[in-house]
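Nothing here was measured: the structure is a model prediction, and the numbers come from that model.
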Amino acid sequence: MRRSRSPLLLAGALLLVAAGSGSGAHAQELSDEQLSGVKARLAEGATHSWELGTRAQALIEFDTPSYSVLNNSALPPPQGSRPSSLDEVIGIAQGVVQNRTKANVQGPQPLIDAGGGAAGDPPSIGVAVLLANWTGAGDEYGAAAADQLAFILEKVPKTDDGAISHRTEQVQLWSDFVYMVPPFLAYYGVLTRNQSLVQQAYDQCRLYRKYLVDDDAGGMWKHILLGTNTDSGHWSTGNGWAAAGMLRVLGTIQHSQYAKSMKNQAKDLTNWVAEIHNGIYPHLRTNSLFGNYADDSASFDDASSTAILASTVYRLALLSGIHTHLPLAEQCRKALSAPTSTSSSSSSAPSSAPSSASTATAPSASASSTAPPSPLAHFTTDMWLTPVVNPNQFGIEGSRSPEGQAFVVEMYAAWRDWVAQGSPGANAAARLQVGGGLLRRAGWACCGVVLTLLYGV
């Protein structure tokens, strides 16, 4: 006997499927054209030392991954001729070194004048300068890198136990430092076969963690300690800087001639990055963005830190096989790439966090109030990431952030490499994905049961 069909029952099943599939249906990746726009704004906006260094690193990871310490290529990289994809990176180094030559700079000096006393920022350009020298751009690049190394090791003040200050005028530790200096030290050590420099890179990570980690906050790092004008808040971008910097040191060790002899150091670095992830990801907001200060509900949404932290989750999965936070990283990447029609409203509430000036004090450019609506929820029509922290005043919201642009490039480079390696841990991500996969599969299962009852199929 044929069963009677119930339109109401069938409609309910289909609604369940629609509800389950809705969140994933509109998710998207940035197109090649859109990513080119992100990179173009980055090129226009990067002027300060740390912005130039971060841009160089992002371009290495995205355009020439075989020269990145985060990929499986052996270190040191091929010496001599270089691929044309490195031209922009070498161009950054060339501009910096040529300016030093014109100024007739000699002896221990930063690659760029540390305006405002920031000793820790100029070494961020060091990897690009070392690559230029290694690939035959000229001896002046090696001399410039050596002067920068001597300056950071010999001229910058330290704590009693050896942590190099981020500042020149006082001993002060910033979480930002871990992205700028240790990767330069580690890369210099590998290229010159000087294991003590690689060890020094690890030691700086260890010492900075000793001072800045907050066990009462689940392992998140404080932003600035010691000296005057400190910031003990858990600045999301600062946690991203620290995690990304330690991953670069980890990758340098793992792919170098010191991989076997420094296994314990590599294990520590892996654990310290995971510690940051475990501390900060419970504070991810429902719109899949972090607040400027992760555990301060009054702080504004910040897409910049969201991007760099997501990039570190993909990289940790590739380097160390830790997949714990991949579902949330995927959630963040999709949210940052989503069209306007699916965007969650972003909070613009003023931050209660400190607003003291960061490394530089130049104001960021203002976005045009007459710009047409963007098709993307978190990018302007000309592909500036939004909302972002002011890169020059870490406690207030900005409008344009070169470092934020670099973080997007790094996030997509990391995601692309993760996909190319077979998306390790993706099955766990699918099982745990919030609001999407489980509900969608449950909906289809329910629909199947209903169809069986209605039609005997």
Side-chain angles (χ1 to χ4, degrees), residues 50 53 69 110 114 117-124 126-127 148-190 194-235 237-253 258 261-280 312 359:
W50 81 92
V69 301
D121 289 339
S124 66
V127 169
Q148 173 63 84
L149 179 68
F151 181 78
I152 198 71
L153 293 180
E154 300 170 10
K155 301 296 183 181
V156 179
K158 302 177 179 68
T159 63
D160 291 341
D161 52 358
I164 301 170
S165 175
H166 187 67
R167 308 289 301 177
T168 56
E169 78 282 3
Q170 62 176 336
V171 175
Q172 189 169 73
L173 308 183
W174 294 44
S175 55
D176 315 36
F177 174 98
V178 177
Y179 187 89
M180 315 298 168
V181 176
F184 168 61
L185 298 176
Y187 201 66
Y188 201 117
V190 168
N194 184 345
Q195 187 174 355
S196 65
L197 277 179
V198 185
Q199 179 64 38
Q200 178 71 261
Y202 163 83
D203 286 339
Q204 290 304 314
C205 294
R206 174 179 58 80
L207 289 166
Y208 264 71
R209 176 185 173 274
K210 170 186 171 182
Y211 284 94
L212 297 180
V213 72
D214 190 345
D215 292 330
D216 293 333
M220 287 191 291
W221 284 28
K222 299 174 183 178
H223 184 202
I224 305 170
L225 288 185
L226 306 182
T228 59
N229 297 319
T230 60
D231 176 16
S232 60
H234 307 116
W235 189 43
T237 300
N239 279 270
W241 283 129
M246 288 191 288
L247 282 166
R248 290 170 63 194
V249 176
L250 171 62
T252 304
I253 291 172
Y258 307 119
S261 61
M262 299 187 72
K263 281 185 176 180
N264 289 336
Q265 291 90 330
K267 182 178 180 181
D268 285 342
L269 291 163
T270 294
N271 290 338
W272 298 338
V273 174
E275 179 180 59
I276 289 176
H277 289 167
N278 292 337
I280 202 165
T312 65
T359 299

**Student:** How long is the gap from CG on Leu247 to OG1 on Thr252, to the nearest 0.5 Å?
**Tutor:** 10.5 Å
**Student:** Starting at OH of Tyr202, measure out to CG of Leu269 and round the result to the nearest 0.5 Å.
**Tutor:** 6.5 Å
**Student:** Decide side-chain contact (heavy atoms from CB on, under 4.5 Å) for Ile224 and Asn229; before the verdict, give the C-alpha distance in whole Å, the side-chain angles of both, and the deciding distance to 0.1 Å.
**Tutor:** CA-CA 8 Å; Ile224 305 170; Asn229 297 319; over 6 Å; no
**Student:** To the nearest 0.5 Å, what is the distance between CG (Leu226) and OH (Tyr211)?
**Tutor:** 6.5 Å
**Student:** Which pair of non-hydrogen atoms, one from Ala266 and one from Ile253, has the smallest distance, and what is that distance?
**Tutor:** CB-CG2, 4.4 Å
**Student:** Just by distance, do the side chain of Gln172 and the backbone of Thr230 share a donor-acceptor pair under 3.5 Å?
**Tutor:** no
**Student:** Which value, rounded to the nearest 0.5 Å, describes the distance between Leu185 atom CG and Gln200 atom CD?
**Tutor:** 6.0 Å
**Student:** Nearest heavy-atom pair of Leu225 and Ser232: which atoms, and what distance?
**Tutor:**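 Scanning both residues completely, I find the closest heavy atoms to be CD2-CB, 4.5 Å.
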**Student:** For a side-chain contact (heavy atoms from CB on, under 4.5 Å) check, start with the C-alpha distance between Tyr258 and Gln199, then their side-chain angles and the critical distance, and finish with the verdict.
**Tutor:** CA-CA 10 Å; Tyr258 307 119; Gln199 179 64 38; over 6 Å; no
**Student:** Can you tell which of Trp50, Trp241, Phe184 makes a ring pair (Phe, Tyr, Trp, His ring centres under 6.0 Å) with Tyr179?
**Tutor:** Trp241
**Student:** Kindly give the heavy-atom pair with the smallest separation between Ile280 and Asn239, and that separation in Å.
**Tutor:** CD1-CB, 3.9 Å
**Student:** Not counting sequence neighbours, list each pair that qualifies as a salt bridge (charged side-chain N to carboxylate O under 4.0 Å, His left out) and has a residue in residues 205-215.
**Tutor:**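 Every pair satisfying salt bridge (charged side-chain N to carboxylate O under 4.0 Å, His left out) with a residue in residues 205-215: Asp161-Lys210, Asp203-Arg206, Arg209-Glu275.
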**Student:** Which heavy-atom pair separates Leu197 from Gly189 by the least distance, and what is that distance?
**Tutor:** CB-CA, 3.7 Å
**Student:** Over all heavy atoms of both residues, which pair between Trp221 and Ser175 is shortest? Give the atoms and the distance, please.
**Tutor:** CE3-CB, 4.1 Å
**Student:** Does atom NZ of Lys263 have more than 12 heavy-atom neighbours from other groups under 6.0 Å away?
**Tutor:** no
**Student:** Where the side chain of Thr168 meets the backbone of Gly117, is there a donor-acceptor pair that is under 3.5 Å apart?
**Tutor:** yes
**Student:** Out of curiosity, Leu173 CG to Lys158 NZ, how far, rounded to the nearest 0.5 Å?
**Tutor:** 12.5 Å
**Student:** Ring centroid separation for His223 and Trp174, is it under 6.0 angstrom?
**Tutor:** yes
**Student:** Begin from the C-alpha positions of Val273 and Leu250 and carry the test side-chain contact (heavy atoms from CB on, under 4.5 Å) through to its verdict.
**Tutor:** CA-CA 10 Å; Val273 174; Leu250 171 62; 5.9 Å; no
**Student:** For Val156 versus Ala119, what's the shortest heavy-atom pair and its separation?
**Tutor:** CG2-CB, 3.7 Å
**Student:** Within the distance-only criterion (no hydrogens, no angle test), does the side chain of Ser165 pair as donor or acceptor with the backbone N or O of Gln170 below 3.5 angstrom?
**Tutor:**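 Looks like yes, one N/O pair under 3.5 Å.
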**Student:** Considering only distance and modelled atom types, tabulate donor-acceptor pairs under 3.5 Å from the side chains of residues 148-155, sequence neighbours left out.
**Tutor:**
from   : atom 1 : to     : atom 2 : distance (Å)
Gln148 : OE1    : Leu111 : N      : 2.9

**Student:** Tell me whether the centres of the aromatic rings in Tyr208 and Trp272 are closer together than 6.0 Å.
**Tutor:**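 Between Tyr208 and Trp272, the centre distance exceeds or equals 6.0 Å.
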**Student:** Go through the steps for Arg248 and Val127 under the test side-chain contact (heavy atoms from CB on, under 4.5 Å), then give the verdict.
**Tutor:** CA-CA 11 Å; Arg248 290 170 63 194; Val127 169; 3.8 Å; yes
